[in-house]
Amino acid sequence: MRRPLFVFLLAFTGSVLLFLLLFPPGYPSYESFDGEVKVLSGRVASKEYKRKEDGTLSLRVTLKQVQSARGDSFPSVPDGALAIFTSKAGKSPQRLSTEKQETEKQAADEKTADEQYLEALDDSMPIGCRVCLSGKIRNFSPGTNPGEFDSRLYYRTLGINLRLDNAALRLVSGRASPLQNTLYLLKRRLSGVLDRSLPEEDAGIMKAMLLGEKGFLSEELKSLYRESGILHVLAISGLHISLFGMGLYRLLRRARLSLLPSAALSAGFILLYSCMVNLSGSGVRAVIMFFLFLGAKVLYRTYDLLTAAAIAGAILAASDPLLLLTSGFQFSFGAVLGIGIILPQVKSPVLRAAAVPAATLPVCLFTYGSFPLWSLLLNLAVVPLMSAVMTSGAVLVLAGVLIPASGTIFSLPVRLLLYFYRTACVLTSKLPGHRLVIGQPVHWQTALYIILLLAMVFASEKNPGLPEWKKASFILAAVFLLCFRPHQGLTLSFMDVGQGDGILIQADGTNILIDGGSSSRSDVGKYVIEPLLKAKGAGRIDAAILTHEDADHCNGLIYLLESGTDIRELIVAYQGNASEEEWGENMLTILALAEERSIPVTFLRRGETLQKGKLTMYCLHPESSDAYAGDINQGSLTFLLTYENFTALLTGDLEEDGERQCLSYCRQRKKEGSLPDISSVTVLKCGHHGSRFASSSSWLAEWSPKTAVLSVGKNNRYGHPAPETTERLEKQGCLIFDTRKSGEIEFITNGRKTRVKEFLR
């Protein structure tokens with residue numbers, strides 16, 4: 001492989017990535033202002049609409065050159081901010097002229113009040129002008145658990161450092177940018193054609209594919225495409241740029257236009273298109289490579305895919321190194337490297353189909369913790385049809401602009417192709433092994449995986465006659481190494497769910513989930529717990545234990561039950577003589593979902609034991625939860641966990657009264673020999689998030705914990721953890737871990753030695 005420039009630039013990009021991994025970058029933080037109402041001014045850089053699952057419509061405005069409009073202590077915002085305007089039905093636009101409101105009303109009789117309000121706001125803030133806005137400051141959060149989406153990194157690569165929620169327009173000044181605003185208005189018009197011509201779901205897909213507007217994609221649809229492994233078709237990337245740019249270039253050349261004008265017109269079109277759809281990341285990579293292709297044609301030089309990719313990667317790495325940490329960048333360049341390096345070395349149709357998935361497998365596993373097996377076949381059908389989808393979509397919008405009434409007629413090919421996509425996704429989702437949950441690989445696995453793939457490439461170049469089965473052996477060995485998980489020892493993971501609890505126990509291949517909920521993080525099951533389970537390779541939950549039914553312990557578990565997570569057993573506290581009418585709403589919901597999915601339910605009580613190989617979990621409390629109907633915290637299921645020499649005390653929301661009864665029981669059972677006489681536990685999960693009524697002095701004296709874990713949310717309204725509790729823990733000599741500072745906290749042991757990993761450190 002004689003490509004010195006490719007090797008040099010690839011080494012440069014790899015060095016930048018390695019530096020970022022070893023020395024994580026700092027981020028501007030506005031956490032001290034989080035929740036405060038501020039008045040900011042800035043220049044409008046871009047705008048986009050977004051519709052949530054509940055139907056709420058919002059207008060999202062990206063601002064640049066942001067600073068405080070009041071001259072207070074609020075710092076200027078490097079790069080920019082995201083202002084979110086939302087509307088309630090029937091609300092009238094404020095600070096807009098009456099004449100403008102009447103014009104909007106007459107032109108949009110069929111639109112909802114929300115749409116009219118936001119479109120009026122949209123028109124009053126052309127791109128390029130300066131605006132003064134008020135709203136509530138929100139700081140973007142990093143991912144604090146394995147598998148969790150890092151919104152801070154994502155928005156930082158878009159040049160956005162903070163969010164302004166419930167924004168209100170106060171003042172507009174300055175001129176619009178003629179070119180950018182014209183392109184934005186064109187995009188809105190094309191978007192309107194798609195809305196008029198297609199059903200809502202299909203219109204949302206085509207807006208994403210053609211115009212880069214992802215705000216109208218439903219979560220259900222994105223999940224379906226993601227789980228099927230074809231989410232990439234919804235993002236404007238190299239495939240889209242190639243279809244439009246190369247298509248126009250070849251069309252002009254076939255029309256006998258000379259080389260230079262054809263290249264110039266194609267480059268100009270792609271540049272304007274990129275500005276209109278606000279390309280970033282992988283899309284910019286594709287544009288750079290397309291310009292290099294045109295340059296090679298004009299200069300009568302040979303275009304080399306790998307060298308062009310390396311140049312694009314080096315340019316992006318130099319302009320914004322953080323892009324290297326994003327999955328979009330990694331997927332995009334992984335796919336190009338698969339096409340340029342692996343594909344030329346294999347001849348078998350099966351191996352050729354596996355070239356790109358093989359190159360992007362480490363990124364897929366690290367991002368999602370799983371791999372859609374049938375995507376290997378699905379992409380063989382979906383990707384070749386993309387040219388038909390994009391072409392028919394382009395024809396549709398062009399016809400809809402020229403002859404509005406013709407949109408419905410030209411929409412038929414688009415609807416048929418998208419129907420095929422959805423049907424194919426649904427069918428493959430029902431096949432065995434549709435989604436293989438494997439877990440995130442560690443760095444040494446990824447390094448050896450790449451080495452084995454490169455060994456196959458070098459062996460093929462050195463020996464062109466190398467049999468295909470030997471090449472397949474290299475690839476299979478690499479895949480096995482990357483996906484191998486030893487499943488030995490115990491890992492005790494305390495999730496950062498904010499104000500709530502969530503614990504994952506993995507012992508020699510057994511997965512046990514204790515609680516899972518939050519009162520401070522919305523959709524915690526979807527955005528925290530489920531991604532963490534996949535990242536940990538826990539595709540099956542052998543037992544889900546609910547300590548008690550408070551929402552901050554169970555709303556994420558309810559999501560898992562509703563979403564179809566493979567849960568083999570549900571364990572709750574013994575209800576005693578309580579009738580079903582006396583059970584709480586959350587408990588009834590969980591039991592109903594378990595019955596609906598035929599999940600067996602075990603009612604556990606004091607004195608019973610869960611045994612899974614070396615793992616033993618002694619139930620210490622309660623005898624019956626109905627005795628604590630007035631205070632369900634005191635009836636929390638409490639466990640003493642042992643794994644050889646490692647011990648942990650898991651307490652739910654147990655407080656002092658419950659601790660006292662639990663201690664009485666434990667002391668008696670220790671004398672009888674039916675409970676291990678443990679003088680010092682390795683880990684104490686502090687009861688009730690560090691409440692001053694929990695982790696009493698007598699409790700701590702009895703168990704003498706070496707380490708204590710506080711599962712607590714930032715700036716929570718309860719004041720957790722209480723200073724009194726922290727003082728008692730420190731006096732006891734505990735090493736204290738706090739999810740607010742550490743993120744997810746892992747205790748990893750083989751039963752003899754234990755080490756601790758903090759996700760944020």
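This chain uses plain numbering: 1 for the first residue, then up along the sequence.
A parallel orientation is assigned to the rings of Tyr155 and Phe140, their planes being inclined by less than 30° (bins at 30° and 60°).
Looking at Ser46 and Thr62, their side chains do bring a donor and an acceptor atom within 3.5 Å of each other. No donor-acceptor contact under 3.5 angstrom links the side chains of Asn716 and His689, judged on distance only. Between Ser519 and Asp552, the side chains place no donor N or O within less than 3.5 Å of an acceptor N or O (distance only, hydrogens not considered). Side chain to side chain, Gln499 and Ser520 fail the donor-acceptor criterion of an N or O pair below 3.5 Å. Residues Ser134 and Arg170 bring a donor and an acceptor atom of their side chains to less than 3.5 Å of each other.
The shortest distance between side-chain heavy atoms of Leu234 and Tyr225 falls below 4.5 Å. In this structure, the side chains of Ile84 and Leu164 stay at 4.5 Å or more apart for every pair of heavy atoms. Under the 4.5 Å side-chain criterion, counting only non-hydrogen atoms from C-beta, Arg43 is not in contact with Ile127. Side-chain atoms of Ser280 and Leu158, non-hydrogen and from C-beta on, do get closer than 4.5 Å to each other. The shortest side-chain heavy-atom distance between Val389 and Val414 does not fall under the 4.5 Å cut-off. Side-chain contact check for Tyr368 versus Leu231: some heavy-atom pair is nearer than 4.5 Å. Side-chain contact between Val39 and Ser68: absent, with no pair of heavy atoms (C-beta onward) separated by less than 4.5 Å. Proximity of Arg130 to Ser41: side-chain heavy atoms (C-beta onward) are separated by under 4.5 Å at one or more points.
Taking Asp738 as the reference, Arg740 meet the salt bridge (Lys or Arg N to Asp or Glu O under 4.0 Å) condition, with sequence neighbours excluded. With sequence neighbours excluded, no residue satisfies salt bridge (Lys or Arg N to Asp or Glu O under 4.0 Å) with Arg226. Scored by the salt bridge (Lys or Arg N to Asp or Glu O under 4.0 Å) test, Asp79 finds Arg156 as partners (sequence neighbours excluded).
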message: Could you go through Glu219 and Lys526, starting from their C-alpha distance and side-chain angles, then the distance that decides it, and tell me whether this counts as salt bridge (charged side-chain N to carboxylate O under 4.0 Å, His left out)?
response: CA-CA 11 Å; Glu219 286 299 323; Lys526 181 177 183 179; 3.3 Å; yes
- request: Determine, stepwise, if the pair Phe293 / Tyr249 fulfils side-chain contact (heavy atoms from CB on, under 4.5 Å).
  value: CA-CA 11 Å; Phe293 167 81; Tyr249 173 77; 4.3 Å; yes
- prompt: Can Leu63 and Leu40 be said to form a side-chain contact (heavy atoms from CB on, under 4.5 Å), step by step?
  reply: CA-CA 10 Å; Leu63 304 176; Leu40 305 179; 5.7 Å; no
- request: Could you walk me through whether Tyr273 and Phe244 pass ring pair (Phe, Tyr, Trp, His ring centres under 6.0 Å), step by step?
  value: CA-CA 9 Å; Tyr273 177 72; Phe244 283 144; 5.3 Å; yes
- prompt: Taking it one step at a time, do Arg60 and Arg163 satisfy side-chain contact (heavy atoms from CB on, under 4.5 Å)?
  reply: CA-CA 10 Å; Arg60 298 172 173 235; Arg163 194 173 78 227; 5.7 Å; no
- prompt: Passes side-chain contact (heavy atoms from CB on, under 4.5 Å), Phe216 versus Leu57? Steps please.
  reply: CA-CA 9 Å; Phe216 292 92; Leu57 188 68; 4.0 Å; yes
message: I'd like to know whether Arg188 forms a salt bridge (charged side-chain N to carboxylate O under 4.0 Å, His left out) with Asp123, so could you lay out the CA-CA distance, the side-chain angles of the two residues, the decisive distance to 0.1 Å, and finally the verdict.
response: CA-CA 11 Å; Arg188 268 185 59 180; Asp123 290 338; 2.7 Å; yes
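Considering every non-hydrogen atom in both Thr86 and Ser58, the closest pair reads CG2-CB, 3.8 Å. In terms of heavy-atom proximity, Thr360 sits nearest to Gly334 at CG2-C, 3.7 Å. Shown here for Ser141 and Ser151, the closest heavy-atom pair between the two residues is O-OG, 2.8 Å. Across all non-hydrogen atoms, the minimal contact from Ala83 to Ala167 is CB-CB, 4.2 Å. When all heavy atoms of Ala314 and Leu9 are compared, the pair lying nearest together is CB-CD2, 3.9 Å.
Using a 4.0 Å cut-off between a side-chain N of Lys or Arg and a carboxylate O of Asp or Glu, Glu201 and Arg422 qualify as a salt bridge. For the pair Glu227 and Lys222, the salt-bridge criterion is not met [side-chain N within less than 4.0 Å of a carboxylate O].
Rounded to the nearest 0.5 Å, atoms CG (Leu710) and NZ (Lys741) are 9.0 Å apart. Distance check, rounded to the nearest 0.5 Å: CG of Asp523 to CZ of Arg521 gives 11.0 Å. A distance of 8.0 Å separates OG of Ser711 from CD1 of Ile745, quoted to the nearest 0.5 Å. Within the model, atoms CZ of Phe759 and CD of Glu148 stand 7.5 Å from one another, a figure rounded to the nearest 0.5 Å. Expressed to the nearest 0.5 Å, how far CG of Asn278 lies from NZ of Lys47 amounts to 11.5 Å. With rounding to the nearest 0.5 angstrom, the CD1 atom of Ile241 is 9.0 Å from the CZ atom of Phe291.
Panel note: side chain Ser266, backbone Ala263; no donor-acceptor pair is recorded below 3.5 Å. The backbone N or O of Glu744 lies less than 3.5 Å from no partner atom in the side chain of Asp496, so there is not a single donor-acceptor pair. No donor-acceptor pair closer than 3.5 Å links the side chain of Thr56 to the backbone N or O of Lys52. Of the possible polar contacts, none joining the Glu758 side chain to the Ser742 backbone as a donor-acceptor pair under 3.5 Å is found. One N or O on the side chain of Thr157 and one on the backbone of Tyr154 form a donor-acceptor pair closer than 3.5 Å. Counting only distance, with no hydrogens or angles, the side chain of Asn181 and the backbone of Ser177 share no donor-acceptor pair below 3.5 Å.
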Donor-acceptor pairs under 3.5 Å, side chain of residues 20-34 to any protein atom, not counting sequence neighbours: which ones?
{"unit_1": "Ser29", "atom_1": "OG", "unit_2": "Glu31", "atom_2": "N", "d": "3.3"}
{"unit_1": "Asp34", "atom_1": "OD1", "unit_2": "Asn139", "atom_2": "N", "d": "2.8"}
{"unit_1": "Asp34", "atom_1": "OD2", "unit_2": "Arg138", "atom_2": "NH1", "d": "3.1"}

Using a 3.5 Å cut-off and no angle test, enumerate the donor-acceptor pairs between side-chain atoms of residues 204-213 and protein atoms at least two apart in sequence or in another chain.
{"unit_1": "Lys207", "atom_1": "NZ", "unit_2": "Ser191", "atom_2": "OG", "d": "3.4"}
{"unit_1": "Lys207", "atom_1": "NZ", "unit_2": "Asp195", "atom_2": "OD1", "d": "2.8"}
{"unit_1": "Lys207", "atom_1": "NZ", "unit_2": "Asp195", "atom_2": "OD2", "d": "3.0"}
{"unit_1": "Glu213", "atom_1": "OE1", "unit_2": "Ser191", "atom_2": "OG", "d": "3.3"}

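The environment of CZ in Phe149 is crowded: more than 12 heavy-atom neighbours from other residues, nucleotides or ligands sit within 6.0 Å. The number of heavy-atom neighbours closer than 6.0 Å to NZ of Lys136, taken from other residues, nucleotides and ligands shown, is 12 or below. Atom NZ of Lys214 has 12 or fewer heavy atoms from other residues, nucleotides or ligands within 6.0 Å. The 12-atom threshold is exceeded at CD of Glu36, counting heavy atoms of other residues, nucleotides or ligands nearer than 6.0 Å. In Phe74, the CZ atom is crowded: over 12 heavy atoms of neighbouring residues, nucleotides or ligands sit closer than 6.0 Å.
Listed by first then second residue, pairs satisfying side-chain hydrogen bond (donor to acceptor under 3.5 Å, both in side chains) with a partner in residues 311-333 read Arg285-Ser332, not counting sequence neighbours.
In summary, the aromatic rings of Phe12 and Phe8 are positioned with their centroids too far apart to meet the 6.0 Å limit.
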